[in-house]
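For reference, the structure is listed below as structure tokens.
Per chain, numbering begins at 1; letters A, B, ... match sequence-line order.
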Amino acid sequence: MDEKYFPEKIEEKWQRHWEASGAFAAEATDARPKFYCLEMLPYPSGFLHMGHVRNYSIGDALAWYKRLRGFNVLHPIGWDSFGQPAEQAAIKRGVNPRAWTEENIVHMRGQLKRIGVSYDWRREIAAHRPEYYRWDQWFFLKMLEQGLVYKKRSPVNWCPQEETVLSNEQSSGGVCWRCGAGVEKRELEQWFARISAYAEELLEGMKEIEAGWPERVLTMQRNWIGRSVGTYVDFPIKDHAGAQVRVFTTRVDTIYGATAIVLAAEHPLIGELLRDSSLKADVERFVERVRATRNISAKLAAGEEEEKEGINTGLIAINPFSNEQVPVWVANYVLMDYGAGAVMSVPAHDERDFEFAQKYSLPVRRVIERVSYEQEQISHDPDAGLDQSAAMPHAFTDYGILVNSGDWGGKLSEDAITEMSRFAEERGFGGGAVTYRLRDWGISRQRFWGAPVPVVYCDGCGTVPVPEADLPVLLPENVELTGTGQSPLATVAEFVNTTCPKCGRAARRDTDTLDTFVDSSWYFFRYCDPNNADAPFDKEKIAYWTPVEQYIGGIDHAVMHLLYTRFWTKMMRDIGLLKFDEPVKRLMTQGMVTNIIEGTNEWKRMSKSRGNGVDPDDMVRIYGADAVRLFILFAAPPENELRWQETGIDGAVRFLRRVYTFVWRWRDALRDAPEAAPEASSFGDAARALRRVTHQMIARVTEDFERLHLNVNVAALMELSNALGEFPATPETAAPADLFAAREALESLVVMLAPFSPHVAEEMWESLGHEGGLLGGDNRQARWPVADAELARKDELEIPVQVNGKLRARIPATPDTPEDALREAALADEKVRVWIDGRTVVKVIIVPQRLVNIVVR
RNA sequence: GCCGGAGUGGCGAAAUCGGUAUACGCACUAGACUCAAAAUCUAGCGAGGUCACACUCAUGUCGGUUCGAGUCCGACCUCCGGCACCA
């Protein structure tokens with residue numbers, strides 16, 4: 001140990017020590033309790049940014065804490081190394097995506113090591129390596145076998161910028177999740193994973209993780225799944241024997257108000273039923289126009305709503321409840337892929353139908369009234385007192401009481417919905433139904449830099465899965481990438497042309513690759529057994545390590561990665577690979593790291609293009625990794641936005657330097673400190689006070705670690721350091737009991753500092769006379785200090801005294817002062833007397849060890 | 001529009017249960033050391049009020065419950081995030 005704190009020297013030394021001693025290596029054979037601490041794996045863009053540093057500092061603090069508490073901690077890292085940026089770099093700059101990716105990984109791995117994150121580097125994985133992606137392909141085949149993956153032609157989201165299909169989750173809000181371009185609709189044949197089959201379970205499963213996941217992530221997933229309970233009703237079509245239109249509604253109670261049936265433009269019945277109609281041409285022209293405008297959702301992205309447009313098909317549907325005849329329309333506001341692709345239009349009770357009816361002068365018929373006293377009275381004669389001629393200014397969408405609804409009049413909406421639904425079922429023209437907004441996950445991409453879809457097309461045998469033994473289907477080298485919107489693999493004859501695994505004749509390979517979110521859906525299972533060549537992982541090993549105790553990452557994956565991985569886990573359970581339902585017990589979503597944009601007062605996420613980025617390497621060079629990490633964890637609670645202010649790092653450096661100086665000053669004297677705690681009576685007031693703070697802070701840091709209140713933890717460490725600074729004994733004059741108290745405080749401080757600033761903590765620990773490091777080779781033990789509640793207890797208290805809830809005085813007491821004595825002392829206090837003299841004391845409330853409140857009148 | 005979350009000093013923030021509001025840090029001010037600066041150390045730092053006390057006010061606003069509310073309940077305001085023709 002040098003006299004002065006030189007981070008660069010210390011940090012290099014301990015990084016080497018950790019690597020050489022395997023300090024962070026974990027095995028599934030360990031007898032200690034396990035803890036799986038996971039951070040979202042980075043995309044190897046080439047450079048670590050402050051958001052990464054924050055993410056990994058949070059995870060690392062927890063990993064260190066758990067290790068020091070005696071847990072066997074799995075803390076791995078890897079690379080989400082397939083994906084667009086590599087391909088874009090290839091197209092724009094002609095680089096080789098594999099070489100580009102590998103170089104980036106090398107650079108970023110170096111950066112991570114310089115920050116000193118405690119990963120078990122032996123477990124490092126990268127999605128773009130065949131040893132990894134062959135298992136993506138393996139899962140694909142398993143799912144194909146189970147019918148959980150299928151191919152279908154349908155309108156899909158197309159990013160014109162990246163020239164590929166996107167899933168619904170990746171085009172949420174009408175824009176590409178990565179590049180922000182407005183997404184178009186295209187009709188294409190694509191592979192889908194049947195996530196919708198798990199909609200109910202994904203919703204139900206949230207109960208299990210509710211306590212450990214942030215409310216907003218659960219809410220976002222709940223909304224995304226979009227469960228909706230309603231009724232479907234079949235409307236027969238007049239003059240077309242057997243033909244009928246199915247509609248879905250959550251408000252079957254309003255069905256007597258239906259004045260039209262409205263179909264989505266893509267509805268299959270349109271072509272079928274209009275064959276002989278004179279309106280055929282008009283309707284078809286309209287349908288074409290709607291489809292064309294749907295291709296551009298940039299408007300949608302801007303939050304604009306399209307104007308409702310429709311056309312009457314001339315067809316007539318019959319309301320099975322009222323037998324009324326209503327016209328069948330086609331309109332742009334009805335979506336084909338939700339519910340039944342058709343709705344009953346009830347202008348009086350639905351805003352959208354109302355707007356549509358206004359435009360096309362469709363009748364508005366009120367069938368629900370607000371429940372009021374008057375309505376109660378007329379409920380025997382439901383249609384009495386209704387002014388049907390009165391124009392409604394807008395739709396009435398609340399529940400209420402049915403009117404003008406045949407035999408159902410007078411019923412409350414809630415009851416009518418249940419009863420009418422049952423009625424429809426009994427009569428065979430409908431029934432209760434649950435629909436979900438969640439649609440299947442499109443997993444094929446027209447891109448090069450991904451895992452090839454392991455499927456072969458044969459003229460004789462059709463679609464043939466690649467046999468497991470032939471995996472991996474290798475991504476070819478040296479492919480020219482032009483970015484034309486075609487799957488680049490289609491241009492590689494040696495790749496495309498193959499033989500059919502079934503009949504052996506010439507056949508063609510599928511030229512799409514898998515969504516990178518497939519890679520990230522199961523990567524943390526692979527960490528448990530990263531080199532397995534026979535299976536994605538050994539079942540026993542993942543049974544030991546998973547589920548993940550704590551997952552840490554950005555909120556941006558709330559309904560992408562975090563939904564897919566839950567689905568993937570359930571799928572793996574169903575094919576017998578594991579035995580639980582939810583992969584992640586606790587989730588923490590860290591806040592953004594922002595920096596001010598020069599010349600403004602706007603704080604925005606750090607980014608190179610905005611010019612407000614801060615390079616972690618620079619910060620480490622100037623302040624040291626320990627100070628940077630400490631500052632990041634101290635500056636704000638982990639889930640809040642963190643505004644980058646470099647003056648704050650100075651504070652962190654000052655604190656580390658102060659602690660370092662304490663160690664330097666005391667280290668020699670402490671060698672003479674007694675091993676065991678001396679008699680209680682031998683401690684002086686100052687030593688007792690120091691021990692009190694020490695044990696109070698141990699208790700606080702330990703509790704707050706469980707809640708990840710890391711910023712408060714750092715504050716507690718600073719308080720402990722302040723207490724050490726105020727300790728009047730000096731190394732030269734200290735009595736044995738003083739030395740004991742000082743060592744206890746200093747060692748507790750050093751150990752508790754390790755999760756935040758591990759290098760300097762190791763250095764100080766060594767300097768205090770300990771060998772082998774904090775996680776010590778053969779000497780693996782739980783070094784986290786244990787709080788002694790007795791020692792933490794104050795022996796002299798100042799009890800606040802309130803009069804009518806207002807603070808008026810403080811009286812001295814001890815923890816065992818009896819209540820009677822407290823009451824007496826409070827009532828006798830001079831300052832209190834001023835407020836109670838001449839009044840009647842009604843009662844005195846005493847909260848033991850906390851306060852006295854005198855109630856007077 | 002619907003669904004979530006949050007409003008506390010100049011700033012980042014703290015306050016398991018309702019029990020001394022503002023811990024810890026940053027910035028700032030003054031002092032010590034120094035020829036000087038930096039670094040370090042010491043002290044101060046919610047607002048009003050006072051020589052100093054006392055006292056009054058203060059956790060977005062208004063009301064309620066309670067001996068006592070940053071914390072619980074009701075209404076409202078503002079900000080942030082998500083979804084968005086989902087029938």
Per nearest nucleotide of RNA chain B, the residue lying toward the 5' end, A:Ala342 or A:Gly725, is A:Gly725
Tell me the interatomic distance from A:Trp224, atom CH2, to B:A84, atom C1', rounded to whole angstroms.
10 Å
Once you round it to whole Å, what is the distance between C1' of B:G18 and CZ of A:Arg850?
11 Å
For A:Tyr65, which residues count as a side chain to side chain donor-acceptor pair (under 3.5 Å) partner, sequence neighbours excluded?
A:Arg69, A:Glu706
On the nucleotide B:A87, are OP1 or OP2 found under 4.0 Å from the side-chain N or O atoms that A:Tyr333 carries?
no
Whole-angstrom distance between B:U22 and B:C26, as gauged at atom C1':
15 Å
Using a 4.0 Å heavy-atom cut-off, does A:Val847 contact any base of the nucleic acid, only the sugar-phosphate backbone, or nothing at all?
base
Is A:Asp829 paired with A:Arg808 through a side-chain N to carboxylate O contact shorter than 4.0 Å?
no
A:Lys207: partners by side chain to side chain donor-acceptor pair (under 3.5 Å), with sequence neighbours left out:
A:Glu204
Can you tell me how far P in B:C79 sits from the matching atom in B:U65, rounded to whole Å?
31 Å
For A:Pro214, report the nucleic acid contact type (base, sugar-phosphate, nothing); a contact means any heavy atom under 4.0 Å.
nothing
Take N1-N3 plus N6-O4 or O6-N4 for Watson-Crick, N1-O2 plus O6-N3 for G-U, both under 3.5 Å. Which runs of 3 or more such pairs involve RNA chain B?
B:1-7 with B:77-83, B:10-12 with B:24-26, B:28-32 with B:40-44, B:46-48 with B:55-57, B:60-64 with B:72-76
Rounded to the nearest angstrom, tell me the gap between atom CG in A:Leu335 and atom P in B:A84.
11 Å
Nearest listed nucleotide, side chain of A:His709, among B:A15, B:G4, B:A14:
B:A15
Could you tabulate the donor-acceptor pairs under 3.5 Å formed by side-chain atoms of residues 627-655 of chain A, not counting sequence neighbours?
unit_1   : atom_1 : unit_2   : atom_2 : d
A:Arg629 : NH1    : A:Asp60  : OD2    : 3.4
A:Arg629 : NH1    : A:Ile115 : O      : 3.0
A:Arg629 : NH1    : A:Gly116 : O      : 3.2
A:Arg629 : NH2    : A:Asp60  : OD2    : 2.5
A:Glu641 : OE2    : A:Thr594 : OG1    : 2.8
A:Glu641 : OE2    : A:Arg643 : NE     : 3.2
A:Glu646 : OE2    : A:Tyr623 : OH     : 2.9

Show the atom names and distances, to 0.1 Å, of all donor-acceptor pairs under 3.5 Å that link a side chain in residues 245-254 of chain A to residues at least two apart or in another chain.
unit_1   : atom_1 : unit_2   : atom_2 : d
A:Arg246 : NE     : A:Asp234 : OD1    : 2.9
A:Arg246 : NH2    : A:Asp234 : OD2    : 3.3
A:Thr249 : OG1    : A:Arg251 : N      : 2.8
A:Arg251 : NE     : A:Asp253 : OD1    : 3.0
A:Arg251 : NE     : A:Asp253 : OD2    : 3.4
A:Arg251 : NH1    : A:Thr397 : O      : 2.9
A:Arg251 : NH2    : A:Asp253 : OD2    : 3.0
A:Arg251 : NH2    : A:Asp398 : O      : 3.4
A:Asp253 : OD2    : A:Ser413 : OG     : 2.9
A:Thr254 : OG1    : A:Arg251 : O      : 2.7

So, OP1 or OP2 of B:C83: does either fall under 4.0 Å of a side-chain N or O from A:Ser172?
yes
Which whole-number value in Å describes the distance from A:Asp350 CG to B:A84 C1'?
14 Å
Suppose you measure atom P in B:G4 against the same atom in B:U40; what distance do you get, rounded to whole Å?
49 Å
Calculate, to the nearest 0.5 Å, the distance between atoms CZ and CG belonging to A:Phe356 and A:Leu362 respectively.
6.5 Å
Is the Lys NZ or Arg CZ of A:Arg586 less than 6.0 Å from the centre of A:Trp213's six-membered ring, within 45° of the axis?
no
Base, backbone or nothing for each nucleotide of nucleotides 43-59 of chain B, written B, S, -, heavy atoms under 4.0 angstrom, 5' to 3'?
------------SSS--
Base, sugar-phosphate alone, or nothing: which one does A:Asp353 contact when heavy atoms must sit under 4.0 Å apart?
nothing
With the criterion being N/O to N/O and under 3.5 Å, what pairs connect the protein with nucleotides 24-27 of chain B, and how long is each?
unit_1 : atom_1 : unit_2   : atom_2 : d
B:G25  : OP1    : A:Asn722 : ND2    : 3.3
B:C26  : OP1    : A:Arg654 : NE     : 3.1
B:C26  : OP1    : A:Arg654 : NH2    : 2.7
B:C26  : O2'    : A:Thr647 : OG1    : 3.2
B:A27  : OP2    : A:Arg654 : NH2    : 3.4

Lys/Arg cation over aromatic A:Phe396: A:Arg366, 6.0 Å, 45° cone
yes
Under the side chain to side chain donor-acceptor pair (under 3.5 Å) rule, collect the residues that match up with A:His267, sequence neighbours excluded.
none
Under the side chain to side chain donor-acceptor pair (under 3.5 Å) test, residues paired with A:Asn713 that sit two or more places apart:
none
Establish, with yes or no, whether the OP1 or OP2 oxygen of B:A87 is under 4.0 angstrom from a side-chain nitrogen or oxygen of A:Ser228.
yes
Between A:Asn640 and A:Gly226, which has a closest nucleotide on RNA chain B that is more 5'?
A:Asn640
Separation between CG (A:Asn595) and CE (A:Met606), nearest 0.5 Å, reads 4.5 Å
Please state the C1' separation for the pair B:A58 and B:A21 - nearest whole angstrom.
10 Å
Can you sort out the partners of A:Tyr660 under ring-ring contact (aromatic ring centres under 6.0 Å, His included), two or more places apart, ordered by chain and number?
A:Tyr5
Of the listed nucleotides (B:G12, B:C85, B:G19), which one gets closest to any side-chain atom of A:Lys308?
B:C85
For B:A54 versus B:G46, give the span between their P atoms, rounded off to a whole number of Å.
14 Å
Which whole number of Å gives the distance between the C1' atom of B:G60 and that of B:A6?
11 Å
Atom pair distance, as rounded to whole Å: CD1 in A:Ile596 and P in B:G12:
12 Å
With rounding to whole Å, what would you report as the distance between B:C85 and B:G81 at their C1' atoms?
22 Å
Can you confirm whether the side chains of A:Thr418 and A:Ser421 place a donor and an acceptor under 3.5 Å from each other?
no
Take the protein atom CD of A:Glu641 and the nucleotide atom C1' of B:C80, then report the distance between them rounded to whole Å.
10 Å
Let me know the distance between CG of A:Asn223 and P of B:C3, rounded to the nearest Å.
10 Å
Using atom C1' in both nucleotides, what's the gap between B:C76 and B:A87 to the nearest angstrom?
32 Å
A:Phe756: ring-ring contact (aromatic ring centres under 6.0 Å, His included) partners, not counting sequence neighbours:
A:Phe705
In whole angstrom, what separates A:Arg251's CZ from B:A87's P?
12 Å
Quick check: does any side chain N or O of A:Glu798 sit under 3.5 Å from a backbone N or O of A:Pro812, one acting as donor and the other as acceptor?
no
Examine distances only and state if a side-chain atom of A:Asn319 and a backbone atom of A:Phe321 form a donor-acceptor pair shorter than 3.5 Å.
yes
Restricting both atoms to N or O, compile the protein contacts to nucleotides 63-72 of chain B shorter than 3.5 Å, with distance only.
unit_1 : atom_1 : unit_2   : atom_2 : d
B:C67  : O2'    : A:Asn853 : ND2    : 3.4
B:C67  : O2     : A:Asn853 : ND2    : 2.4

